[in-house]
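In what follows, a single structure is set out as structure tokens and then discussed.
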Amino acid sequence: MPFLIAPMSKDGKLLGYAYISSKLVASSPGATIAVREKLAFIQDAFVRDVNAKPSARRTTQGPSIRSF
């Protein structure tokens, strides 16, 4: 899958972006075809989830990214 870029913000202010790399591993050759057919929908779901809520919170050491 291509990289996903997630905005990181606090109190409505953009702090930066996180570059997220993900990997899908199919359990069989048949499943690989099914995943490829649905890849656009999977990517869309990731983008919607990442942009639905803030991805960072401020700590004493700087922003910390939540897990997806």
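Using a 4.5 Å heavy-atom threshold, the side chains of Leu24 and Ile42 count as touching.
Tracing side-chain contacts under 4.5 Å through hydrophobic residues (I, L, V, M, F, W, Y), one reaches Val47 starting from Val35; they form part of the same cluster.
Under the 3.5 Å distance criterion, the side-chain polar atoms of Ser9 are left unmatched by any main-chain donor or acceptor of Gly12.
Residues Lys10 and Leu15 share a closest heavy-atom pair of CB-CD1, 3.9 Å. Contact record, Tyr17 with Pro7: CD2-CA, 3.7 Å, taken as the closest heavy-atom pair.
Put simply, CZ on Phe46 and CG on Leu4 are 8.0 Å apart, with the number rounded to the nearest 0.5 Å.
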